[in-house]
Amino acid sequence: MSNQLFETTKSRIADLQSFYFLSIRGITGIFRRPFYFDDFVEQMSYSGAGSVVIVALVSLFIGMALSLQISAEFAVLGLQMYTGQVVGISIISEVGPVTIGLIYAGRSGSGMASELGSMILRNQIDTFRVFGVDPIKKLVTPRILGSLVMLPCLTVIGDFVSMLGGAYVSAAVANQSLTVYWNAVHVLFQARYVVPGLVKPFLFGLIISCVSCYSGLKTRGGAVGLKSSTTRAFVISTIFIIISDFVVTRIILVFLGYGS
């Protein structure tokens, strides 16, 4: 039993080390030649433009659901004028970045792992090496850079659509003035709300792309291994997103003087 535990621990440490080195090489590849601009554009198209519809649709109904629930509770307390403020804070700081990050991990992250896993099983990675092409620079770096660019853009779009959905419900269902709703949103321009909403998408994009690429490149065992790699990429990305969301929120609030 002790030998098995030792081997398992050693294997996990080796995996963590490999992930660390892969991520560092992928990130530093952004600043090294050659620059695979076409691959970068392709990744932006797949990860960004291809995700706009689902991000907008999910964000719309999340904003509507939040507004519906909050306005109903606030109506009992006579605080309906604060619906826009609470909905906006929830979306900008927490719900928007986390939800869109999870959507991105499920669609684009799993796609990255599946694509790279298929290339491993077809020995295409070895072909790159034979022709003197660095597979990390060619395959991983464009995906990391594409995620760093597109996930924040998707988050901004999702936040805006969520706010529109919340405004619609407040006006059409809760009979609240749109002027009151949007006037309450001005509080969002405080640093403790804006900064987390800007920082988290970049961090989540980095996490999702690195985890998905590593999981895809570690694929072994045919179709079953490919299925495991794709699932593992999404599960690990989800766990890291939730944990890092709390950590980043805590650090930013303490840094801005709102926590002890």
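Since the structure is predicted, the reported quantities are computational estimates derived from the model, not experimental observations. Residue numbers start at 1 and run along the sequence shown.
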Which atom names give the shortest non-hydrogen contact between T230 and A113, and what distance separates them?
CA-CB, 4.2 Å
Is it true that I239 and V247 fall in one hydrophobic cluster, defined by side-chain heavy atoms closer than 4.5 Å?
yes
Would you mind reporting whether I24 and Y20 have side-chain heavy atoms less than 4.5 Å apart?
yes
Please assess M112 against S215 for the test side-chain contact (heavy atoms from CB on, under 4.5 Å), listing each intermediate value before the final yes or no.
CA-CA 9 Å; M112 293 178 198; S215 183; over 6 Å; no
With the threshold set at 4.0 Å, does a side-chain nitrogen-carboxylate oxygen contact exist between E115 and R143?
yes
With rounding to the nearest 0.5 angstrom, report the CG to CD1 distance, D159 to I92.
4.0 Å
Any side-chain heavy-atom pair of V58 and I100 under 4.5 Å
no
Counting only heavy atoms not in Y36, do more than 12 sit closer than 6.0 Å to its OH atom?
yes
Measure the CG-CD distance between D38 and Q43 for me, rounded to the nearest 0.5 Å.
12.0 Å
State, yes or no, whether a side-chain contact exists between I136 and L22 at a heavy-atom distance under 4.5 Å.
yes
In terms of heavy-atom contacts, V161 and A56 come closest through CG1-O, 3.4 Å
Heavy-atom pair of closest approach, residues Y104 and S147:
OH-OG, 2.9 Å
Minimal non-hydrogen separation, V211 against S237, with atom names:
CG1-OG, 3.5 Å
Lys/Arg-Asp/Glu bridge criterion (N-O < 4.0 Å) met for R129, D134:
no
Please answer: with hydrophobic residues joined when any side-chain heavy atoms are less than 4.5 Å apart, are I243 and F234 in the same cluster?
no
Please tell me whether V41 and L139 are part of a single hydrophobic cluster in this structure, the criterion being side-chain heavy atoms less than 4.5 Å apart.
yes
Between S209 and L206 (side chain of the first, backbone of the second, donor and acceptor by atom type, cut-off under 3.5 Å), is there such a pair?
yes
Less than 3.5 Å apart, any donor N or O on the side chain of K200 or T249 sitting next to an acceptor on the other?
yes
Taking the side chain as everything from C-beta on, heavy atoms only, tell me whether M119 gets closer than 4.5 Å to T219.
no
Any side-chain heavy atom of L116 sitting closer than 4.5 Å to one from C213?
yes
Report the C-alpha separation of D39 and K138 in whole Å, then their side-chain angles, then the decisive distance to 0.1 Å, and conclude whether the side-chain contact (heavy atoms from CB on, under 4.5 Å) test is met.
CA-CA 8 Å; D39 295 303; K138 172 71 173 176; 2.9 Å; yes
Let me see the working for I120 and D126 under side-chain contact (heavy atoms from CB on, under 4.5 Å), right down to the final yes or no.
CA-CA 8 Å; I120 286 287; D126 294 331; over 6 Å; no
For the pair S93 (side chain) and G197 (backbone), establish whether a donor and an acceptor sit closer than 3.5 Å, ignoring hydrogens and angles.
no
Find out whether S162 and V95 are in side-chain contact, i.e. whether some heavy atom of one side chain is under 4.5 Å from a heavy atom of the other.
no
Hydrophobic cluster identity match, V86 and L164, side-chain contacts under 4.5 Å:
yes
If I take atom CG from residue L145 and atom CZ from residue F40, how far apart are they, to the nearest 0.5 angstrom?
4.0 Å
Does some side-chain heavy atom of E42 sit less than 4.5 Å from a side-chain heavy atom of F37?
no
Between L226 and S118, what is the shortest heavy-atom contact and its length?
CD2-OG, 3.7 Å
Could you tell me whether a side-chain N or O of T28 sits under 3.5 Å from a main-chain N or O of R25, the two making a donor and an acceptor?
yes
Quick one: pull up SG in C210 and CD1 in I27 and give me the separation to the nearest 0.5 Å.
5.0 Å
Reported OG-to-CD1 distance for the pair S59 and I157, which is rounded to 0.5 angstrom
9.5 Å
Decide yes or no for F204 and L102: does some side-chain heavy atom of the first lie under 4.5 Å from some side-chain heavy atom of the second?
no
Taking a hydrophobic cluster as the set of Ile, Leu, Val, Met, Phe, Trp and Tyr residues connected by side-chain heavy atoms closer than 4.5 Å, whether directly or through intermediates, do Y168 and L60 fall within one such cluster?
yes
Evaluate the side-chain contact (heavy atoms from CB on, under 4.5 Å) criterion for residues F35 and K137: first the C-alpha distance (whole Å), next the side-chain angles of each, then the deciding distance (0.1 Å), finally the verdict.
CA-CA 8 Å; F35 301 115; K137 174 69 177 174; 4.0 Å; yes
Which heavy-atom pair separates G109 from I208 by the least distance, and what is that distance?
CA-CG2, 3.9 Å
Will you find, in the side chains of S170 and S67, an N or O donor that is under 3.5 Å from an N or O acceptor?
yes
d(I54 CD1, R107 CZ) to nearest 0.5 Å is 7.5 Å
